[in-house]
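Input: a single structure, listed below in structure tokens.
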Amino acid sequence: MTAIWLLKTEPDVFSIADLKACPGGRSGWDGVRNFQARNRLRDDMREGDPVLIYHSSCATPAIMGEGLVVSAPYPDPSQFDPASDGHDPRSTHAAPRWFQVDVQFVCSYSHPITLKQLKANPEFADMELVLRPRLSVQKVTERQYQLIQRLSQANGATA
DNA sequence: GCCAACGTTGGC
DNA sequence: GCCAACGTTGGC
């Protein structure tokens, strides 16, 4: 069963353009350090799942485009690196605490969908992004996904 | 296992 | 930079 996800990232740290610029447009999605997000990533994400990529903590928070999960979940290497911000001394190779997947860039929306827009649209009133904005790995329904794709094309045509 | 203290996130 | 929300930690 394919699930659709929304992954948050801070563009100052790693933007969708950075993902696109990676070799093959592909990168490990490291740095998830929240247990609920970790559980979803580790237990529920599957290779082939679509992901929406969202920019947070920036001037205009917005869904910027799409990617694809292109690996099974595996331990986040940064947890073992003492020099990394993601280092976790409680992690061992036998019992890693944090996981990641590889994400492949698919497209950037010519018209990103802003958080403001989502909040203003009743269709998205029950979207996790609106209800629980801090969770970094979010579920997106098929309906929300289709609406977002449609909006990303319609956006700007009338604005 | 509760709960207070503390730290982090993220919109504004 | 502020502040509200909320996740995590640690003492008991």
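Chain letters run A, B, ... following the sequence lines, proteins first, then strands; residues in each count from 1. Note that the structure is a prediction, hence the values are computed from the model and not measured.
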Checklist entry - Is there a donor-acceptor pair closer than 3.5 Å between any side-chain N or O of A:Q117 and the backbone N or O of A:T114? => result yes

The criterion is salt bridge (charged side-chain N to carboxylate O under 4.0 Å, His left out); which residues satisfy it with [X], sequence neighbours excluded?
| X | answer |
| --- | --- |
| A:R97 | A:D88 |
| A:D81 | none |
| A:R42 | none |
| A:D30 | none |

Checklist entry - Base, sugar-phosphate, or nothing for A:K119, non-hydrogen atoms under 4.0 angstrom? => result sugar-phosphate

Checklist entry - Under a criterion of less than 4.0 angstrom to any heavy atom of chain A, what are the 5'-terminal and 3'-terminal contacting nucleotides of DNA chain C? => result C:dA5 to C:dT9

Checklist entry - Looking at DNA chain B, which of residues 74-92 of chain A put a heavy atom within less than 4.0 Å of it? => result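 Residues of residues 74-92 of chain A under 4.0 Å from DNA chain B: none.
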
Checklist entry - Which residues, if any, of residues 124-138 of chain A bring a heavy atom under 4.0 Å of DNA chain C? => result A:R132, A:R134

Checklist entry - Which ring-ring contact (aromatic ring centres under 6.0 Å, His included) pairs, counting each pair once, include a residue from residues 77-103 of chain A, with sequence neighbours left out? => result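 Residue pairs passing ring-ring contact (aromatic ring centres under 6.0 Å, His included), neighbours aside: A:F35-A:W98, A:F80-A:H93.
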
Checklist entry - For residues 10-24 of chain A, which residue pairs qualify under side-chain hydrogen bond (donor to acceptor under 3.5 Å, both in side chains), counting only residues two or more places apart or in two chains? => result A:S15-A:D18

Checklist entry - Among pairs that include at least one residue of residues 56-68 of chain A, which meet side-chain hydrogen bond (donor to acceptor under 3.5 Å, both in side chains), considering only residues two or more places apart or in two chains? => result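 As it turns out, the side-chain hydrogen bond (donor to acceptor under 3.5 Å, both in side chains) pairs with a partner in residues 56-68 of chain A, which skip direct neighbours, are A:E66-A:Y109, A:E66-A:Y145, A:E66-A:Q149.
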
Item to check | Residue list, side chain to side chain donor-acceptor pair (under 3.5 Å) with A:S91, at least two apart or on another chain | outcome: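 Once residues adjacent in sequence are excluded, the partners of A:S91 under the side chain to side chain donor-acceptor pair (under 3.5 Å) criterion are A:Q79.
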
Checklist entry - How is the hydrophobic cluster of A:L131 composed, in terms of its other members, when Ile, Leu, Val, Met, Phe, Trp and Tyr link through side-chain heavy atoms under 4.5 Å apart, directly or indirectly? => result none

